[in-house]
Amino acid sequence: MSLTKLLVPTFTQMLGTLSGWLTKAQEQMPGDEAETLLSARLAPDMFPLSTQIRFACMQAQEAVARLTGQDLPDAVATLLDEGRNAGERPGSITDAQARIAETLALLDGLAPDALDREPDSALAHPLPNGMTLDLTAEQYARDWTLAQFYFHVMTAYAILRSHKVALGKADYVPHLLPYFRPQVAPGA
């Protein structure tokens, strides 16, 4: 499987799902109660929901830049800055939806083979703490990008669930619904 065919549908499906969760929160909570969720955390030492959303978007955007050999775009720095400062400035659900939409537009505009580097090609991934991961493109996609992306998406899900947003398994995997076989009633 190519890296584009692995990453782009994964990012697209799960960001669309994340957007749907935010919409459900707005529909289920009175007034501006859903907006307060952006400051909610699972634990005091964890980032809030607003950060989880921005970091999920950042992971997708960063992967596009790194796997296409481009410098990180300003949008990645913006997402990092907003995410790191979300405790004081969580923004609004409209802001969060806009960040998701921007990321989806980037992914939608990619060529069908845009991220298809040689899987064994070297990729250096510097971390904010000054350390650098030396990975192959395949290791970067599999072991870093997907893991980090899903961490932030799942943390967002857990925050929403912990604040009584009615979400279930079907809300987590709506992209799988078209693959279900039609049920035939017994004796039909």
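Here the structure is a predicted model, which means the values were calculated and not measured.
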Of all pairs that satisfy side chain to side chain donor-acceptor pair (under 3.5 Å), the ones with a partner from residues 165-181, not counting sequence neighbours: Lys24-Asp171

With Leu6 via side-chain contact (heavy atoms from CB on, under 4.5 Å) - residues at least two apart: Met1, Leu146

Any side-chain heavy-atom pair of Thr155 and Leu49 under 4.5 Å: no

Results of side-chain contact (heavy atoms from CB on, under 4.5 Å) for Asp74 - residues two or more places apart only: none

Val76 reachable from Phe151 in the ILVMFWY side-chain graph, under 4.5 Å edges: no

Pairs flagged by salt bridge (charged side-chain N to carboxylate O under 4.0 Å, His left out) wherever residues 136-153 is involved - sequence neighbours left out: Glu138-Arg142

same_hphob_cluster(Leu72, Leu106) at 4.5 Å side-chain heavy-atom cutoff: no

Nearest-0.5 Å distance, CD1 of residue Ile100 to CG of residue Leu15: 6.5 Å

Qualifying ring pair (Phe, Tyr, Trp, His ring centres under 6.0 Å) pairs, either residue in residues 84-110, two or more places apart: none

Where Leu18 and Ala156 come nearest, the two heavy atoms and their spacing: CD1-CB, 3.8 Å

Minimum-distance pair of heavy atoms, taken over all atoms of Ala96 and Leu22: CB-CD1, 4.0 Å

Side chain to side chain donor-acceptor pair (under 3.5 Å) pairs, two or more places apart, involving residues 119-132: Arg66-His125, Arg117-Ser121, His125-Trp144

Distance in Å, Gln59 CD paired with Leu7 CG, rounded so as to fall on 0.5 Å steps: 11.0 Å

Matching residue for Leu67 among Thr145, Asp116, Thr4, Leu3 - test: side-chain contact (heavy atoms from CB on, under 4.5 Å): Leu3

Selection residues 152-165 - residue pairs positive for salt bridge (charged side-chain N to carboxylate O under 4.0 Å, His left out), sequence neighbours left out: none

In one Ile/Leu/Val/Met/Phe/Trp/Tyr side-chain cluster, 4.5 Å: Met58, Leu107: no

Arg84 side, atom CZ; Leu79 side, atom CG - distance, nearest 0.5 Å: 11.0 Å

Which atom of Ala63 lies closest to which atom of Leu115, heavy atoms considered: O-CD2, 4.5 Å

Pairs touching residues 86-106 that satisfy side chain to side chain donor-acceptor pair (under 3.5 Å), sequence neighbours left out: Ser19-Gln97, Thr23-Gln97, Gln61-Thr103, Glu82-Arg99, Ser92-Asp95, Arg99-Glu102

Interatomic distance, Cys57 atom SG to Leu80 atom CG [nearest 0.5 angstrom]: 11.5 Å

Residues which pass side chain to side chain donor-acceptor pair (under 3.5 Å) with Thr78, listed by chain and number, not counting sequence neighbours: none

Sequence neighbours excluded - ring pair (Phe, Tyr, Trp, His ring centres under 6.0 Å) pairs with any residue from residues 2-32: Phe11-Phe149, Trp21-Tyr157

What pairs of donor and acceptor atoms, side-chain ones from residues 31-48 against any protein atom, are under 3.5 angstrom apart with sequence neighbours left out?
| from | atom 1 | to | atom 2 | distance (Å) |
| --- | --- | --- | --- | --- |
| Glu35 | OE1 | Ile93 | N | 2.9 |
| Thr36 | OG1 | Glu33 | O | 2.5 |
| Arg41 | NH1 | Met46 | O | 2.5 |

Asp108 side chain reached by Val8 side chain, heavy atoms, under 4.5 Å: no

Joint cluster assignment, Phe55 & Tyr140, ILVMFWY side-chain distance < 4.5 Å: no

Sequence-distant partners of Asp113, salt bridge (Lys or Arg N to Asp or Glu O under 4.0 Å), two or more places apart: none

In one Ile/Leu/Val/Met/Phe/Trp/Tyr side-chain cluster, 4.5 Å: Leu123, Leu110: yes

